[in-house]
2 protein chains.
Amino acid sequence: MPRASAADAARTAWDILVSATDLFAARGFAAVSLDDVAGAAGVTRGAVYHHYRSKAGLFRSVAAKLQSDVATAVVVAAEGAGTDPREQLRAGCHAFLDAITAAPAVRVLLIDAPAVFGWEQWRRLDAEHSVVHLREALAGVGVPDDLLDATTAQLSGAMNEAALWIAQQPRGPEARDAAHRVLDRVLAAAIA
Amino acid sequence: MPRASAADAARTAWDILVSATDLFAARGFAAVSLDDVAGAAGVTRGAVYHHYRSKAGLFRSVAAKLQSDVATAVVVAAEGAGTDPREQLRAGCHAFLDAITAAPAVRVLLIDAPAVFGWEQWRRLDAEHSVVHLREALAGVGVPDDLLDATTAQLSGAMNEAALWIAQQPRGPEARDAAHRVLDRVLAAAIA
DNA sequence: CAGATTACATACGCTCCGTACGTAAAGGAA
DNA sequence: TTCCTTTACGTACGGAGCGTATGTAATCTG
């Protein structure tokens, strides 16, 4: 089979990434083979291994993309919420809930990623992109240093579980509303 | 090779379960083969498949055992905390943190289980054993019905993440102490 | 325009899961 | 005791799927 130009190659890599995102989100990491991904992208496994190191490497790229999208939404919301650190924290947290439940991100980021990468490695990736902002925001509203990491972890855990709960709930709007209200109470406690 | 009596068979099943628990906790579900488990237990894969339906079935038994141990510790602590529902809730939650971080349970229950079973199925198993008590306790301290599930989810998520955080932290006692203090603040908010 | 490199496809070995089958001992029934 | 059935494994086999090695043609570079 012939070969494509540099631009086409980038397109191929992108197609693979999109197909992989859809399949991983729908079936989970373990239930998706690289043949599935290659077939959905219209290429063979050779192409996948050319653009990504391994199945885990491909998954890493998928997760990084989703993570980045969520983080962007959070930052935008926080910056658009004025200058009060408390209000920025609130806006960012609520935006996180909405962003991570809207995308096909929930399963990939919150279920499979820790298992595929191992928790410590996943934690580092998460910390670099998303949790940094939460940690900084909590520091900004006066959470004491010795409780900062523990507070960040528990708040992050609460939001993640809330996202999973929303995603699985049949009544979408009501569940989302309830989750946001509970999150406000939890937030109030964390920054009290 | 000869055959063992009924008592010996139960012992074999138990040995397999123990070996599997150790290996799954140490390396994670995906990185452990049934040959590894069989070898550690001193049998062949045939014995494993005789006592358990599949790799996932074996993992399910491992998770159920760990889950049951944690739940028992929580119930004992709650019952030993007097009759005040608030105090029972507090005692149960703190006992949960200690129990799940003490056992080799963290990785199995909080990282691999959701990925292996899928979140909804895992959620059902978890709800039956552990989260029921949390939900009942929260209802008992006056959390309104329309926020009960959301509160249960977020509190559970906060505790799970706290457990993972403790397990990964180099300074064990300090981290544990910080997590318990933050948990008290979160609890206070949830039941306010 | 010729060699080097890129962008794939193809082919192969290896690991590992699940199942089918074999087998020998245990636990009754006569 | 003796036979028969069932249990408790071990062994052997097929298939899926990952990763790597290799082939090949088009593109880029000088």
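Side-chain atoms are counted along with the backbone in the values below, which use heavy atoms only and exclude waters and symmetry mates. A quick note: this is a predicted structure, and the numbers were derived from the prediction, not measured. All chains are named by letter (A, B, ...) in the order of the sequence lines, taking the proteins before the strands, and each is independently numbered beginning at 1.
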Checklist entry - In whole Å, what is the span from the CG atom of B:Asp8 to the C1' atom of C:dG27? => result 14 Å
Next on the checklist: Without decimals, in angstroms, what is the distance between A:Asp35 CG and D:dG15 C1'?
Outcome noted: 13 Å
Next on the checklist: I need the CZ-P distance between A:Phe59 and D:dC18, as an integer number of Å.
Outcome noted: 14 Å
Checklist entry - In whole angstrom, what separates A:Leu34's CG from D:dC18's P? => result 4 Å
Next on the checklist: Output the rounded distance in Å from CZ (B:Phe29) to P (C:dC16).
Outcome noted: 13 Å
Checklist entry - Base, sugar-phosphate, or nothing for A:Val48, non-hydrogen atoms under 4.0 angstrom? => result nothing
Item to check | Side chain of B:Tyr49 - closest among C:dA7, C:dG18, D:dG19 | outcome: C:dG18
Checklist entry - Taking the side chain of B:Ala47 as its heavy atoms from C-beta onward, which of C:dA11, C:dC8, D:dG10 lies nearest to it? => result D:dG10
Item to check | B:Leu89 side chain reached by B:Leu134 side chain, heavy atoms, under 4.5 Å | outcome: yes
Checklist entry - What integer distance in Å separates B:Asp15:CG from D:dA8:P? => result 15 Å
Next on the checklist: Distance alone, cut at 3.5 Å: any donor-acceptor contact between the side chains of A:Thr12 and A:Asp15?
Outcome noted: no
Item to check | d(CZ, B:Arg53; P, C:dC17) in whole Å | outcome: 18 Å
Next on the checklist: If only side-chain N and O atoms count, and only distance matters, is there a donor-acceptor pair under 3.5 Å linking A:Ser19 with A:Asp22?
Outcome noted: no
Item to check | B:Arg45 (side chain) and D:dG10 (base): donor-acceptor pair under 3.5 Å | outcome: no
Item to check | Closest to the B:Ser33 side chain, choosing from C:dA9, C:dC16, D:dG19 | outcome: C:dC16
Next on the checklist: Please compare A:Gly46 and A:Asp36 by the position of their nearest nucleotide in DNA chain D and report the one closer to 5'.
Outcome noted: A:Asp36
Next on the checklist: Rounding to an integer number of Å, can you tell me how far A:Leu58 CG sits from D:dC18 P?
Outcome noted: 11 Å
Item to check | Side-chain heavy atoms of A:Gln154 within contact of B:Trp165, under 4.5 Å | outcome: no
Next on the checklist: Would you say B:His50 places a side-chain N or O within less than 4.0 Å of OP1 or OP2 belonging to D:dG10?
Outcome noted: no
Checklist entry - Salt bridge or not for B:Arg90 and B:Glu87, using N-O below 4.0 Å? => result yes
Item to check | Phosphate OP1/OP2 of D:dC9 contacted by B:Thr12 side-chain N/O (<4.0 Å) | outcome: yes
